[in-house]
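Take a look at the structure set out below.
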Amino acid sequence: MSPKRLDVAVIGGGIGGLCLAQGLRRAGVRVTVYERDRTADSRLQGFRLNIEPTGSAALHACLPPVLWELLVATAGDPGCGIGFRDERMRPLVLIGQGGPARDPLDPATSEHAVSRVTLRKLLLAGLEDVVRFDHEFTGFARADDGTVTAKFANGTTATADVLVAADGVNSRVWSQLHPEAGRTELPATAVAGKLFLTEENRRWLPDLLAGRNVFWPRRDFLFTAIFRRREHPASITARLGDRVRALGLDPDHLLADSQDDDYVLWAFIAHRDSLPASFTSKAQDDPAALRELLAERTAGWHPDLRRLLSASTPDTLYRTGFSAAEPLDLGEPGNVTGLGDAVHHMPPVGGLGGNTALRDAHRLCAALTAADRGEEPLPRALGAYEADMLRHGFETVREVVRNTEAAITTSALKRSTTRRFFRVCGAIPPLGRAVFGKR
């Protein structure tokens with residue numbers, strides 16, 4: 001007797017939910033995604049996401065091969081390694097720089113600066129009969145027959161064998177399943193922006209900004225990264241267009257938003273309580289006020305860093321606070337589970353949140369595929385997935401919180417100790433590799 005095939009309902013069409021849907025679709029598992037956005041192009045904004053090998057492995061496994069190749073081609077090269085420097089741009093420790101070139105198509109080692117808009121388009125490609133837009137989730141109910149029914153604001157319902165919370169921070173699915181789940185607000189404020197690379201500013205931008213850098217001043221924190229397109233959309237279409245069209249997809253549509261100008265992304269982070277009282281909630285959304293704050297906070301920094309911040313396009317300036325999910329015990333697995341920010345959201349420091357969501361999607365896809373094929377009972381498959389997801393997810397949350405707290409500390413002793421430690425790691429390469437790992 002063949003096992004009962006699964007029917008999976010995913011709430012949320014972000015990168016984690018769509019990566020899971022692509023993987024399940026590729027494995028032949030029935031899946032439907034319910035997204036509250038009205039249309040596929042309701043969210044066409046956002047900074048780029050740095051996809052690390054963990055995220056690359058997930059996307060490579062879940063996407064059809066040609067979509068993986070499109071993603072790599074449309075992405076930018078973030079550069080090798082990362083540099084830790086002081087506010088005068090002097091090196092403290094350089095990690096993984098100057099090594100051999102990596103094959104961008106190799107998911108085990110490749111990293112990619114990916115447009116969120118292009119990534120979402122690629123993740124939606126071929127899922128026209130899978131994704132249901134304009135379905136705002138309101139609650140779920142379990143039945144005695146082992147199914148679960150999702151309810152939506154438009155009056156419709158959907159019944160499945162498994163319900164997946166992929167609806168991000170403030171997940172309605174997860175809050176109903178685990179009302180005890182909590183979060184911690186961190187005393188950090190971040191301002192981010194973009195400097196588009198024109199002929200003029202390419203001349204004065206220092207070469208070190210051609211990669212990723214962490215600047216560790218005597219107060220506050222700055223991160224920079226560059227986006228440089230690997231390939232022009234026209235050459236991508238010429239090279240991969242026929243294979244894309246063979247899947248019934250339109251390459252021009254998929255590449256329409258991949259022509260962003262090259263730019264330097266930066267993120268400035270400070271302890272909230274150290275900011276001036278005049279920096280009110282109203283002023284926080286005012287580009288002029290943000291620039292004034294940055295000019296005051298970076299007095300004494302290298303002139304090129306100050307110019308990077310002041311010359312950035314005003315309408316790209318973005319301010320946010322930070323919070324982190326608190327660990328919890330899920331108990332016995334049921335037919336409702338979750339992934340990514342719905343379970344273990346974290347501050348956007350280091351881009352680890354998106355990569356962790358992709359990792360979750362990859363592993364949940366493997367668990368559900370095994371259950372669908374009768375290779376493992378569903379409760380056991382979900383139990384193993386959730387144990388791994390919680391362990392890795394909250395380990396990552398703790399790592400990001402520690403890094404955030406170190407970046408915003410107002411203790412002069414802690415900051416100077418950290419800078420000295422970085423210098424020692426830079427002077428003793430084996431120690432640096434042991435502490436930071438290889439890139």
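Counted within 6.0 Å of CZ on Arg36, heavy atoms from surrounding residues, nucleotides or ligands total 12 or fewer; the atom is thus considered open. Heavy-atom contacts from other residues, nucleotides or ligands closer than 6.0 Å to CZ of Arg391 number more than 12. Within a 6.0 Å sphere centred on CD of Glu180, other residues, nucleotides and ligands contribute more than 12 heavy atoms.
The stretch residues 146-186 participates, sequence neighbours left out, in these ring pair (Phe, Tyr, Trp, His ring centres under 6.0 Å) pairs: Tyr34-Phe152, His135-Phe152, Trp174-His178. Note on residues 17-32: pairs passing side chain to side chain donor-acceptor pair (under 3.5 Å), not counting sequence neighbours, are Arg25-Asp129.
Of the possible donor and acceptor atoms, one in the side chain of Asn335 sits under 3.5 Å from a partner among the backbone N and O of Gly146. A side-chain donor-acceptor contact under 3.5 Å links Thr138 to the backbone of Lys151. Looking only at distances, a side-chain donor or acceptor of Arg306 sits under 3.5 Å from a matching main-chain atom of Ala295. Thr147 places no side-chain N or O within 3.5 Å of a backbone atom of Ala143 that could act as its donor or acceptor partner. The backbone N or O of Asp37 lies less than 3.5 Å from a partner atom in the side chain of Glu35, making a donor-acceptor pair. At least one donor-acceptor pair closer than 3.5 Å links the side chain of Asp262 to the backbone N or O of Arg229.
Among residues two or more places apart in sequence or in another chain, the salt bridge (charged side-chain N to carboxylate O under 4.0 Å, His left out) test is passed with Glu376 by none. Take Glu136 and apply the salt bridge (charged side-chain N to carboxylate O under 4.0 Å, His left out) test, not counting sequence neighbours, and it matches Arg172. Arg245 meets the salt bridge (charged side-chain N to carboxylate O under 4.0 Å, His left out) test with Asp242; sequence neighbours excluded. Scored by the ring pair (Phe, Tyr, Trp, His ring centres under 6.0 Å) test, Phe223 finds no partners at all (sequence neighbours excluded). His60 meets the ring pair (Phe, Tyr, Trp, His ring centres under 6.0 Å) test with Trp68; sequence neighbours excluded. Shown here are the salt bridge (charged side-chain N to carboxylate O under 4.0 Å, His left out) partners of Asp77, two or more places apart in sequence or in another chain: there are none. With sequence neighbours left out, the ring pair (Phe, Tyr, Trp, His ring centres under 6.0 Å) criterion links Tyr385 to no other residue. For the ring pair (Phe, Tyr, Trp, His ring centres under 6.0 Å) test, residues two or more places apart in sequence or in another chain that qualify with Trp216 are Phe221, Phe422.
Between Thr74 and Ser115, every side-chain heavy-atom pair lies at or beyond the 4.5 Å cut-off. Residues Arg132 and Thr156 fail the side-chain proximity criterion, which asks for heavy atoms closer than 4.5 Å. Using a 4.5 Å heavy-atom threshold, the side chains of Asp372 and Leu24 count as separate. Contact of the Thr298 side chain with the Leu305 side chain is not registered, since no non-hydrogen atoms from C-beta on lie closer than 4.5 Å. Between Pro53 and Glu111, the closest side-chain pair of non-hydrogen atoms falls below 4.5 Å. In this structure, the side chains of Leu70 and Leu67 come closer than 4.5 Å at one or more pairs of heavy atoms. Under the 4.5 Å side-chain criterion, counting only non-hydrogen atoms from C-beta, Phe227 is not in contact with Leu265. You'll find the side chain of Phe215 stays beyond 4.5 Å of the side chain of Glu87, heavy atoms only.
Expressed to the nearest 0.5 Å, how far OG1 of Thr237 lies from CG of Leu255 amounts to 4.5 Å. Atoms CG and NE2, on Leu119 and His112 in that order, are 11.0 Å from each other to the nearest 0.5 Å. Note that CD1 of Ile226 and CZ of Arg48 are 12.0 Å apart. Values are rounded to the nearest 0.5 Å. In this structure, the separation between NE2 on His362 and CG on Leu59 is 10.0 Å, given to the nearest 0.5 Å. Annotation: the span from Leu123 atom CG to Leu358 atom CG amounts to 7.5 Å, rounded to 0.5 Å. How far CZ of Phe137 is from OG of Ser171: 7.5 Å, rounded to the nearest 0.5 Å.
The existence of a salt bridge linking Arg307 and Asp304 is excluded, since no basic side-chain nitrogen approaches an acidic carboxylate oxygen closer than 4.0 Å. Taking a cutoff of 4.0 Å between a charged side-chain nitrogen and a carboxylate oxygen, Glu185 and Arg272 do not qualify as a salt bridge.
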Arg373 and Thr369: CA distance, side-chain angles, deciding distance, side chain to side chain contact (heavy atoms under 4.5 Å, CB included) verdict = CA-CA 6 Å; Arg373 294 173 178 173; Thr369 300; 3.4 Å; yes
inquiry  = Is there a side chain to side chain contact (heavy atoms under 4.5 Å, CB included) between Val191 and Arg291? Walk through the geometry before answering.
reply    = CA-CA 10 Å; Val191 180; Arg291 286 182 166 184; over 6 Å; no
Kindly list each side-chain donor-acceptor pair under 3.5 angstrom involving residues 339-352, sequence neighbours excluded, with atom names and distances?
unit_1, atom_1, unit_2, atom_2, d
His344, ND1, Gly340, O, 3.3
His344, NE2, Asp360, OD2, 2.7
His345, NE2, Ser323, OG, 3.1

Quick one: side chains of residues 7-20, donor-acceptor pairs under 3.5 Å with protein atoms, not counting sequence neighbours, listed by atom name and distance.
none

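Between Trp301 and Phe268, the angle of the ring planes lies from 30° to 60°, which puts this pair in the tilted group.
For the side chain to side chain contact (heavy atoms under 4.5 Å, CB included) criterion with Thr224, the lone passing option out of Leu195, Leu308, Val214 is Leu308.
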